[in-house]
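When a ligand or atom number is given, it counts from 1 through the structure's own listing order. Everything quoted here is computed from the prediction, not taken from an experiment. Just so you know, these numbers use all the heavy atoms, side chains as well, and skip hydrogens, waters and symmetry mates.
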Amino acid sequence: MAYDTQPEASHFVDGAYLEDTNGAAMDVIYPATGARIAVVHEATPAVIERALTSARRAQAEWAAMMGVERGRILRRAADIMRERNRDLSVLETHDTGKPLSETLYVDATSGADALEYFGGLAGSLTGEHVPLGADWGYTVREALGVCVGIGAWNYPTQIACWKGAPALACGNAMIFKPSETTPLCALKVAEILHEAGLPAGLYNVIQGAGDVGRALVADGRVDKVSLTGSVPTGRKVYAAAAEGMKHVTMELGGKSPLVIFDDADLENAVSGAINGNFYSTGQVCSNGTRVFVQDGIREAFLERLAERVQGAVMGDPLDEATTLGPMVSQRQREIVMGYIAKGRAEGARLVCGGAAPERAGFFVEPTVFADVTDDMTIAREEIFGPVMAVLGFADEAEVIARANDTPYGLSAGVFTRDLARAHRVIGQLQAGSCFINSYNDAPVELPFGGSKASGVGRENAKAAIEHYSQMKSVYVRMGDVEAPF
Ligand code: NDP
């Protein structure tokens, strides 16, 4: 172990850490240095079986508990997460490379928010009474059973909580498989949940790559699958889940538009574009990577943006002065550098950045391209790195049509001082999670998720309850039963 906040073993199953060195070894690399900081072992069939059996066993009793009792455990876990925020943030930084100046504020804290919010809701998950003349009916909100969560590598603590908290609040068990790139954080979430009193088996974390995910999704004992990942993986997982008629939530990628009108507050618009492109070194699914800037403000916007980007502090993510960390992996850096090369080759104008600095770790400079056109690769494909594409536009109707001309529909943002226009434009943008004069806020109180190819279902808010529970309807006849013969 490289430092003392690391989890004790590869898996957390049936209430305890579990190791099985028969599983293939997977190195955990600290993205800021390229050094190996831990080794975890892929779940063997025996580990997968224990996760499924214990989840199945524990779930029925959990669902039968009072909602407030379930909620109390989740809220206690939220308190523990907040108390240990610094340790959890350091771990998140080691797992992902994201700077501590971010992880201290948006990872364990956001996970704790989800545990607190859904813990609070757990006691109020009721159905309704339906008057039917002399008869009546009622609905009951029931758990689905065993849920599988499959995570991406950009927000390992947050994703583990955003899936786990509503699942557990509704009376389900959760088996979570983190991305093989960032396997450590979810184990700590499991540890804390059990420390808070969660009965064994209800939140299991097992490691592995796509094969382990595939095995879980295909298993007949699994009732629901929630994936955060790319669209191609989403298609595969959705299809596999459909075979078993399982419920799904798909939180997938995007190529979201951020529209800046001439009358926008320039400084705020630049801040929005920075938050929507360079936070977490651009590894955020909802990023507004197509920045449409109206003709009258565009040169001033680019000038101020270039100045502000010079203020990014790239360096040791554990130094709280650092504001830009590395990419999560060598592979992701190669992908991003490939897109930067395509941007140049296809004729976009490089305003700043564009290079991978000569230093250890998987760093890429914050990069801005101007004069980007709709057909360029960097305007069409999700890059998942610190690469902003700035496009011009003349009028509202034009920008709405161009913003919607994408298979994705995760997010969209508008900057303008004209609030009527802001609502009119947002109303026409095809996206699930939208922002007016802001970008990338994700409070647990608001539903989060995409339309079109970006996803199915919603995480967070009361909307998530719909996706982790099912309705039972009961018709109650008060009189005699009539029958035709
Ligand atoms: P991937 O789609 O490659 O992987 C997502 C997860 O699915 C990983 O845990 C992966 O395992 C697993 N997996 C891969 N293949 C299968 C399969 N056939 N069956 C079951 N599980 C499988 O995404 P990344 O981890 O590379 O994350 C980046 C992507 O995630 C980006 O495209 C981004 O847009 C999207 N994303 C979406 C978010 C949202 O909320 N909408 C949030 C964050 C990211 P392994 O990696 O171990 O092989």
Could you give all pairs that pass the side chain to side chain donor-acceptor pair (under 3.5 Å) test and reach residues 238-254, with sequence neighbours left out?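 Every pair satisfying side chain to side chain donor-acceptor pair (under 3.5 Å) with a residue in residues 238-254: K224-T249.
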Mind checking side chain to side chain contact (heavy atoms under 4.5 Å, CB included) for A370 and listing every partner two or more places apart, or none if nothing turns up? L302, R349, V351
For E49, check salt bridge (Lys or Arg N to Asp or Glu O under 4.0 Å) against everything at least two apart and list the hits. R221
Sorted by chain and number, the residues that approach ligand 1 to under 4.0 Å with a heavy atom: I150, G151, A152, W153, N154, K177, P178, S179, E180, G208, A209, G210, G213, R214, L227, T228, G229, S230, T233, V237, E251, L252, G253, C285, E382, F384, L410, F448
Does the ring centre of W162 sit less than 6.0 Å away from the ring centre of F118? no
Check L258, V368, N277, V372 against V390 for a side-chain contact (heavy atoms from CB on, under 4.5 Å) and give me the one that passes. V368
Closer than 3.5 angstrom, by distance alone: can the side chain of Y117 be matched with the main-chain N or O of K462 as a donor-acceptor pair?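 Judged by distance alone, yes, a pair lies under 3.5 Å.
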